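Bear in mind the structure is a predicted one, so any value in this text is a computation, not a measurement. In each ligand, atom 1 is the first atom listed, and ligand 1 is the first ligand listed. By convention here, the first residue in the shown sequence is residue 1.
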Amino acid sequence: MCGIVGYIGEKNSNEVIFNGLTRLEYRGYDSAGIGVQDNGIQQVKTAGKVADLIKACQLENFPQSQVGIGHTRWATHGVPNNLNAHPHKDNSGKFTLVHNGIIENYLSIRKLLSKNGIECKSETDTEVLVQLIGYIYNKENISFEEAVRSALVEVIGAYGIVVLCSDEPNKMVAAKKGSPLVLGVGENEFIIASDTSPIINYTRKIIYLDDGEILICDKNNFAVKNIDENIEVSKTINEIKYSLDQIEKSGYDHFMLKEIHEQPTSIAESMRGRIIKNDGKIKLGGLQDHLHDILNTKRIIITACGTSWHAGLIGSYVIEELVRMPVNVEYASEFRYRETVVGPDTVIFAISQSGETADTLAAIKKAKSLGALTVGIVNTVGSSIARETDCGVYIHAGPEIGVASTKAFTSQVTVLNLIAILMAQVKDQNIKEVSHLINDLELLPQKVNEILTNTDEIQEVAKHFIDAENFLYLGRGYQFPVALEGALKLKEISYIHAEGYPAAEMKHGPIALIDENMPVVFIVTKKGYEKILSNIKEVTSRGGKVIIITSFDRDELYEISKFVIKVPEIHQCILPILTTIPLQILAYNIAKNKGCNVDQPRNLAKSVTVE
Ligand code: G6P
């Protein structure tokens, strides 16, 4: 939520900031703003998208500079208008700041400022921080760096901030606690941003800031210090591993469509080097040292949010089936506040595409504090969750930009299968079944490709249902989480209300909604075929319209519905991957036909770093 960029160097900072903000727009697109050093601080802010900001800057002949900061906002406190847009200046006009996160004690700081004659102009929590910095600076006559550090000591909450001060125009100060910040280390330039995508054009050398750290830099040098103790810390330089075309649309209409079509490759990448050819054993380097502890635990809890939670649900089924260990799946937002029974005999698997989701991160911290071992299943290399967990497995799906998660989900399910197989192999459990699954995993990218090479039928189905106001998705067993995911995809990007349910639960409520206007998507597989067939009949006999996604091709299905989408057959543990893909394509095409902004659906953000 919210993307921030700061630049100091020899280039035109506007260009670096506009490019960076455009890449970070997946984090929020309610408003955007830029502030630069040019005989004092100049800034432009607009409600709306980064493109609107760029236009506004062109109209105003916004000055070029070599030091600047920018922001794209996902609104928390205060409506998305120009006034609440970042950067925020203090009343002296000397400081300007961009912020990602939430200042929780903003009301008490606002009161303190007010008592001292400083009134905030916006409704945001952010403004109090820049006002506090200005207040401390002017009162105590200290340096820019010291003023920021002193103000941060007073702040409760989460922040990634970048600050400029007109008295020290060749300096940039940034700090992090709970929201991500990465520093790009270039030749006579530094770029600080919420993730690496604004940096990759200029340098591949990066440093991840850790919580509680403050960065001070001019164009040639930087220092990172600990906020509380003010002691310099040494940082490791890492390298950006992905390529530029991985974060560009490369000819596709939308990132989501590109990412759907990348799935044969992203799934193959998730497995690369992890299935040992000669003996079919699974090798996951990140788990090696902790495997014994994981297998000797009493129970496993999988925690995540959104689509990652759906992948976790599938993972729990696979682990229970293959490894015969108890697994619970918890929304991270619930887990973190509930009186959970967690201790040293529990292992937590935390799943996250971004590696930054605030609730998931907090759930991990809670589990760790109770003595549990934490395992990350993460896409973004170097992200907070990847670093916070004791060990883990990267899913290696590559950067995912579309707000609606697609390839990360299928890679998460792939990796959860690898983990379950590894655990079963070490426990010497279900070996025959496991070897069947491994064979099918190797066929998986090819089968995904088969679905993607012919999507005409799905596109036809989509045309029929663009006017639907509600949708129901039903599946049994492994296909129940798929129903949840299919419904989530549709509502996220098309704004059609959709619910996923276990097919048998339909008669305990949703059946009351069935009429001739209610499309019902059934995911039909060999397992439980007769049962789900009865559920389909329960819908058709009430006039409901049925769309069938099936790996079990039976003539009678075509008699029931003219909308039957066939997927290849594969082992049931990975069949959810194949059945989900048509649902991604269906959602995409319905949303596109309705004229919705597929990559930037309203009110959503890809990386949810607030509670
Ligand atoms: C947001 C995104 C979803 C994602 C969820 C969890 O809601 O829009 O696509 O599934 O966060 O994110 P994570 O990065 O932790 O997987």
*Does the pair Glu248/Arg23 count as a salt bridge with the N-to-O cut at 4.0 Å?*
yes
*Of all the heavy atoms in Leu604, does at least one lie under 4.0 Å from an atom in ligand 1?*
no
*Find the distance between CD1 (Ile348) and CZ (Phe335) and round it off to the nearest 0.5 Å.*
4.0 Å
*Thinking salt bridges, do Glu239 and Arg204 make one under a 4.0 Å N-O criterion?*
no
*Heavy-atom nearest neighbour in the protein, as seen from atom 2 (C) of ligand 1, with distance rounded to 0.1 Å*: Lys606 O, 3.5 Å
*May I ask you to identify the nearest protein heavy atom to atom 10 (O) of ligand 1, giving residue, atom name and distance to one decimal place in Å?*
Thr307 N, 3.0 Å
*What is the nearest protein non-hydrogen atom to atom 16 (O) of ligand 1, stated with its residue, atom name and distance?*
Ser308 OG, 2.5 Å
*List every atom of ligand 1 that sits less than 4.0 Å from any heavy atom of Ser352, numbering the atoms from 1 in the order shown and giving each element.*
13 (P), 14 (O), 15 (O), 16 (O)
*For residues Phe349 and Leu373, determine if any side-chain heavy atom of one lies less than 4.5 Å from a side-chain heavy atom of the other.*
no
*So is Ala404 in contact with ligand 1, going by heavy-atom distances below 4.0 Å?*
no
*asked:* Only heavy atoms of Ser405, strictly under 4.0 Å: list the atoms of ligand 1 that pass.
replied: 9 (O)
*Under 3.5 Å: N/O of Gln412 near N/O of ligand 1*: no
_Taking atom 7 (O) of ligand 1 as the reference point, the nearest protein heavy atom with its distance_ = Val608 CG2, 3.9 Å
*Is the backbone of Lys49 close enough, under 3.5 Å, to the side chain of Asp52 for a donor and an acceptor to pair up by distance?*
yes
*Any donor and acceptor pair, going by atom type alone, linking the side chain of Ser494 with main-chain N or O of Ile496 inside 3.5 Å?*
yes
*For the pair Glu213 and Lys177, find out whether any cationic side-chain nitrogen is under 4.0 Å from an anionic carboxylate oxygen.*
no
*asked:* Suppose I only count heavy atoms of Gln353 and a 4.0 Å limit; which atoms of ligand 1 are within that range?
replied: 13 (P), 14 (O), 15 (O), 16 (O)
*For Asp125 and Ile103, indicate whether the former's side chain and the latter's backbone hold a donor-acceptor pair under 3.5 Å.*
yes
*To the nearest 0.1 Å, how far is atom 5 (C) of ligand 1 from its closest protein heavy atom, and which atom is that?*
Cys305 O, 4.0 Å
*So, His310 versus Phe409, ring centres under 6.0 angstrom or not?*
no
*Looking at ligand 1, does any of its N/O atoms fall within less than 3.5 Å of an N/O of Thr357?*
yes
*asked:* If I apply the N/O under 3.5 Å rule, does Val403 come out as touching ligand 1?
replied: yes
*When you measure from atom 8 (O) of ligand 1 to every protein heavy atom, which one gives the shortest distance, and what is it?*
Ala605 O, 3.2 Å
